[in-house]
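I have placed the structure first, in the form of structure tokens, so that the comments after it can refer back to it.
Start at 1 and go down the list; that is how both ligands and their atoms are numbered.
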Amino acid sequence: MTRDIALQHPATVLCISGLDPSGGAGLHADIEAIHACGAHALSALTVLTLQDTGNVHAVHPVDDDWFDRQIRHLADDVRIDAVKCGVLGSTGQVERAARWLDRLARPAVLDPVLHAGGGAELAGQPVAQALLTLLLPRVTVVTPNAAEARLLSGCDDLDDAARALGDRGATHVLVTGGDEAGDMVMDRHWHAGHIQRYTRGRLAGSFHGAGCTLASTIAALLAQGQAAKTAIPAAVERLAHWLSVPKAVGRGRPSPGRRP
Ligand code: PLP
């Protein structure tokens, strides 16, 4: 005799992300964070990397057409509730991602990754320019760290940088301050002309995959129907907790302990 079972229908987040074989950042971080939030991660892989917990050693972009086809098959099959964009491997991928954001018309979070915390370049100037012109106008939230905000906006002052990125069309801008110096970490959240600050004490050391974790947590909360205004501070708080229970799997930097 067969037994009826109740199917779960979790909210889904499409992760447009790169692969970090060490599991601390990129797609692994996205899947862990999204799962910890009670949502389901889908993926369109952008780059393979050679990487350990200390740094990125090489980046190999996925072919643009293959990148696009990954999303096409998912979009034909699955209800996509939100999109998270991390490392983009080429300007062709950025163009295709922009087209999908238009077609899907779902909330989207962009983590405009340019360099790894270990210093290696993950995206060059042409990709950075394409993120500015093609993705910023289409996303609900953009989450640069301080260095990325300065590079993308051309502004040294971080309040000015947040405003300039908002002027580029992102509905919410969250400039994170973990990569700045000082005893306190300050994140700046720009929305509709106002800047709100989230501050907390700095934890010792530096972390691997914090940016990916934050962006995908915001995306998971948006996928579940939260408004960006509350999803952003909630995700900042959740990341701060996960950073206080970090996991170390190699000799390099530890990662957020992403648990439900
Ligand atoms: N590798 C991939 C695939 C990433 O997406 C990222 C960040 O987004 C990194 C490496 C670098 O992570 P971190 O700067 O936290 O070391």
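- For atom 7 (C) of ligand 1, the nearest non-hydrogen atom of the protein is C212 SG, 3.3 Å.
- Annotation for K247: atom NZ counts as buried by contact number, over 12 foreign heavy atoms lying within 6.0 Å.
- Dense packing is recorded around CZ of R79, with more than 12 heavy atoms of other residues, nucleotides or ligands lying under 6.0 Å away.
- The atoms of ligand 1 that sit less than 4.0 Å from any heavy atom of L122 are 6 (C), 9 (C), 10 (C), 11 (C).
- Note on R197 versus D159: salt bridge recorded, some NZ/NE/NH1/NH2 to OD/OE distance being below 4.0 Å.
- On a distance-only criterion, G117 and ligand 1 share at least one N/O pair closer than 3.5 Å.
- Ligand 1 does not have G211 within reach: every non-hydrogen atom of the residue lies 4.0 Å or more from it.
- Counting all heavy atoms, side chain and backbone alike, H208 lies closest to S22 at NE2-OG, 3.5 Å.
- Between the choices G118, S206, G209, the shortest heavy-atom distance to atom 15 (O) of ligand 1 belongs to G209.
- Enclosure of atom NE2 in H35 is not indicated, since only 12 or fewer non-hydrogen atoms of other residues, nucleotides or ligands lie within 6.0 angstrom.
- Applying the 4.0 Å criterion to heavy atoms of G26 picks out, from ligand 1, the atoms 3 (C), 4 (C), 5 (O).
- Between A170 and V142, the shortest heavy-atom contact is CB-CG1, 3.7 Å.
- Using a 4.0 Å cut-off to heavy atoms of A116, the atoms of ligand 1 that qualify are 11 (C), 14 (O).
- The option with the heavy atom closest to atom 6 (C) of ligand 1, from among G89, G24, A25, S22, is A25.
- In the vicinity of G18, heavy-atom distances shorter than 4.0 Å reach the ligand 1 atoms 3 (C).
- The same ILVMFWY cluster, assembled from side-chain heavy atoms under 4.5 Å apart, contains both L14 and L101.
- Heavy atoms of other residues, nucleotides or ligands lying less than 6.0 angstrom from CZ of R259 number 12 at most.
- Between T49 and ligand 1, a contact under 3.5 Å exists for no N or O pair.
- Close N/O approach between Q51 and ligand 1 is found [any backbone or side-chain N/O within under 3.5 Å].
- Proximity to V113 (heavy-atom distance under 4.0 Å) selects the following atoms of ligand 1: 7 (C), 8 (O).
- We find that R202 and E180 are not joined by a salt bridge, their nearest charged nitrogen and carboxylate oxygen being 4.0 Å or further apart.
- When all heavy atoms are compared, the tightest approach of V13 to A223 is CG2-CB, 3.8 Å.
- Shown in contact with V87 at under 4.0 Å from a heavy atom are these atoms of ligand 1, numbered in order with element: 4 (C), 5 (O).
- On a distance-only criterion, V47 and ligand 1 share no N/O pair closer than 3.5 Å.
- Residue D20 has no N or O atom closer than 3.5 Å to an N or O atom of ligand 1.
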